[in-house]
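Comments concern the structure below.
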Protein chains: 4
Amino acid sequence: MTSTSEQKHDIILDSAFYLFSTKGFYETKIAEIAEHAGVAKGTVYLYFSSKEELFKEMTRRNFDEFLDGLSNELTRSSSFAEKLNKIADHHLSYFYNMRNHTRIFFQGLNNDPEFMEVMFHHIENYVNLVTNVMESESINESKLHAKAFVGMLENYKMDILFTKSFTKDHLNQRVDFAVKLFMNGCKR
Amino acid sequence: MTSTSEQKHDIILDSAFYLFSTKGFYETKIAEIAEHAGVAKGTVYLYFSSKEELFKEMTRRNFDEFLDGLSNELTRSSSFAEKLNKIADHHLSYFYNMRNHTRIFFQGLNNDPEFMEVMFHHIENYVNLVTNVMESESINESKLHAKAFVGMLENYKMDILFTKSFTKDHLNQRVDFAVKLFMNGCKR
Amino acid sequence: MTSTSEQKHDIILDSAFYLFSTKGFYETKIAEIAEHAGVAKGTVYLYFSSKEELFKEMTRRNFDEFLDGLSNELTRSSSFAEKLNKIADHHLSYFYNMRNHTRIFFQGLNNDPEFMEVMFHHIENYVNLVTNVMESESINESKLHAKAFVGMLENYKMDILFTKSFTKDHLNQRVDFAVKLFMNGCKR
Amino acid sequence: MTSTSEQKHDIILDSAFYLFSTKGFYETKIAEIAEHAGVAKGTVYLYFSSKEELFKEMTRRNFDEFLDGLSNELTRSSSFAEKLNKIADHHLSYFYNMRNHTRIFFQGLNNDPEFMEVMFHHIENYVNLVTNVMESESINESKLHAKAFVGMLENYKMDILFTKSFTKDHLNQRVDFAVKLFMNGCKR
DNA sequence: CATGAATGAGAGTTCATTCAT
DNA sequence: AATGAATGAACTCTCATTCAT
């Protein structure tokens, strides 16, 4: 009935995610994470060497989940439009599901090179995944296209995070819009 | 030869910008800002009521400069393509000039509603400026178009901030690319 | 129309009294006293060498006024009972008139020997005045009697300071009571 | 051999009493209390939420000890004179034992309503205890009598605190004197 | 005489981290 | 492995005092 070591590791990570993403890094205290996880303060340090390290691991897990999910969905898609759709939907749905955890998207460990590396690699991996889709369609300058597409999506993220009344319908509308704009350009 | 009161206000703001943007909010100490500005610690509090307030004023000034500059350039542009070009160039050049102050773009006062309001309004104002350009060209769903375009640019920002070898040429290339992609869509 | 130097000295002392007695020594700022007196902060230091000194001078003036008034009233009294009455009335009326300035009676400069000296001397002088009255009636152990009488009055001070609904009638009742008790003892 | 949690709480309270009463509230630093108690600065905050709170708890403990002791002694007294004697002796002995901690009697947290409440209640409780003694002897206006008696004692406190050469004999003399004066009035 | 901008020492408080149990 | 009491470095902000104008 007691938690295994691995389970405790994950429980702490869950609590860290919940609190960091809701309140921000500096505003979240180790004591709060411990309490939320139902362990003692000292226990946190048995699994993570520091607050920074805990934040980094949490971030890594988040990024990995995001990319694993996307990568999984892409293998089940066939046409180009369908793939773009999946990317857009996955991207915006991710933020939609996290719209109550807005802090996570604005705060990092900006002075920690290792953390910047983690972020940088995530973006790189994400863009590479999208770049592969572009290349499979023989699009030139595939990387620039990939970044532009991701950027469009990233910007709609703001609507989600700041608009209280944002619904799934609004989300679908943006998915369609982004794909069409990317494929055909603006219609004048 | 001595500073007027207004000058001192700005000198402190300059120092705050330099340090906050280089090291981040929490990592910058009031004592450092004072030293950098060549005044005593207490003097900072004669001009700004708190560290948070100082950060907010600095942010406001930054945002205002960005928008004033853009708005100024847009009035001197004629064709649609030219306007898009000016927006893209202004956006990316701004970050290019600040590529050594990367911290500023990742950290804020995420728990301070007033600060979030400042950020939100800036984004709103920026998008509205771009939306006006879209509308002047009678483009439907002008706001969604505006956000998508800004998003593309925003994403290229990452290249600038993370790529040490990024040059003005790379920048111009992205400006052209973004405008063309936005107008015509991806070419397959 | 402008204040003379002596007037300014007194105006500052008045403001100091008002604020110190309403808010306490540490809670009152020099800046507030200056503002209340309608002078600049630096001006306070032209008349008083430090915050402590200002507090001491204010206290001295207060004590002097109290004793001058009492001494004046006693010369106009004839019988013993009448004199005791004047003392009691003067004592309690003084606190009654100051019942909105309760801070002054609880806070001092407890670490400043000079201030303690000022307080000590005031008490001494007051008791001596009352002792003289006792001696003029040939009462033995005149000083112990004097202190006991002052003590009775001092304690009724608490009623005045803490009882919001305390009236002049209550005051007169206590004056009469104290004099009778002192002269005849408790009635059993 | 190590302190229990409760012991540490009391050790800090003891140190707080020693320093606050010797030097005053504002003149005593938390760092000094910690050092005197043999703990780290932060430890003080594990037991008391703020400097103010620490001062309040110390005051409460002091007051309680005073009243408990008195109440205990009164139950063992029989005649009226004996009871008055016990009150006078307890009151003056208390201050006699504390004659090196004079600061405590002049300084409080005058702006803190909660602290004023604590003080007010203590005085109230003390007077009530004495009032009960008066009533048990069927004395009219028992409360006014009680306050007068306490006032006499309170004033002799000054002799104790300010007279370096004050001895136990002086104290006993004042106890006797106060009781006789209260019972019989001044002898002319 | 008068001003008030500038100073900077100093204090209370927080909280990540440690370590004896 | 787990605890949580104890630590103490570090930081923001205050305010009496000074002095150039």
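Each chain gets a letter, A, B and so on, in the order its sequence line appears, and its residues count up from 1. In this text, all values refer to a predicted model and were calculated from it rather than measured experimentally.
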### Message
Counting C-beta onward and ignoring hydrogens, is there a side-chain heavy-atom pair between D:M119 and D:F63 closer than 4.5 Å?
### Response
yes
### Task
Check the distance between F:dA16's P and D:Y26's OH and give it to me in whole angstrom.
12 Å
## Note on the structure
Checking F:dT14, E:dT17, E:dT3 against the side chain of A:S50 (C-beta onward), the nearest is E:dT17
### Query
Counting side-chain heavy atoms from C-beta on, which of E:dG12, E:dA16, E:dG4 comes nearest to A:K29?
E:dA16
### Task
Taking atom C1' in both E:dC1 and F:dT21, compute the distance separating them and give it to the nearest angstrom.
13 Å
### Query
When the distance from NZ of C:K51 to P of F:dT18 is rounded to whole Å, what number comes out?
15 Å
### Task
Let me see the working for D:F25 and D:E52 under side-chain contact (heavy atoms from CB on, under 4.5 Å), right down to the final yes or no.
CA-CA 9 Å; D:F25 179 77; D:E52 271 78 11; 3.8 Å; yes
### Query
Which nucleotide, in any strand shown, forms a Watson-Crick or G-U wobble pair with F:dA10, with both distances under 3.5 Å?
E:dT13
### Between C1' of F:dT12 and CZ of B:F55, the distance in whole Å
17 Å
### Task
Figure out the NE2/P separation between B:H9 and E:dA5, and round it to whole Å.
14 Å
### Task
Answer yes or no: does a side-chain N or O of D:Y47 lie under 4.0 Å from OP1 or OP2 of F:dA6?
yes
### Task
Nearest whole angstrom, please: distance from the P of E:dG10 to the CD of D:E27.
15 Å
#### Entry: Integer-rounded Å distance: E:dA16 P and A:E53 CD
16 Å
#### Entry: A:Y94 and A:N62 side chains, donor-acceptor separation under 3.5 Å
yes
#### Entry: side-chain N/O D:K8 vs F:dA6 OP1/OP2, d < 4.0 Å
yes
### Message
In this structure, how many angstroms lie between the P atom of F:dC15 and the CZ atom of C:F25, rounded?
### Response
13 Å
### Task
Output the single nucleotide from F:dC13, E:dT17, F:dA16 whose closest atom is nearest the side chain of C:Y45.
F:dA16
### Query
Of the candidate nucleotides F:dA6, E:dC1, F:dC13, which contains the atom at the shortest distance from the side chain of C:L46?
E:dC1
### Task
Please determine, for E:dT21, whether a Watson-Crick or G-U wobble partner exists with both distances under 3.5 Å, and give it or none.
F:dA2
### Task
Between B:T43 and A:G42, just flag the one whose closest nucleotide in DNA chain F comes earlier from the 5' side.
A:G42
### Message
Any base atoms under 4.0 Å from C:S49, or only sugar-phosphate, or nothing? Heavy atoms, all strands.
### Response
nothing
### Query
E:dT14 C1' sits how many Å from A:I30 CD1, rounded?
14 Å
### Message
When you measure only distances, ignoring hydrogens and angles, does the side chain of D:K41 come within 3.5 Å of the base of E:dT13 through a donor and an acceptor?
### Response
yes
### Task
Give a yes or no on whether a salt bridge exists between A:K56 and A:E53, defined as a side-chain N under 4.0 angstrom from a carboxylate O.
yes
### Query
Are any side-chain N or O atoms of B:S49 and backbone N or O atoms of B:Y45, one a donor and one an acceptor, separated by less than 3.5 Å?
no
## Note on the structure
Per nearest nucleotide of DNA chain E, the residue lying toward the 5' end, B:G38 or D:A31, is B:G38
#### Entry: Nucleotide of E:dG8, E:dG12, F:dC13 approaching B:A40 most closely (side-chain heavy atoms)
E:dG8
### Task
Determine the sole option in D:H36, D:E32, D:E35 for which the side-chain hydrogen bond (donor to acceptor under 3.5 Å, both in side chains) test with D:S15 is passed.
D:H36
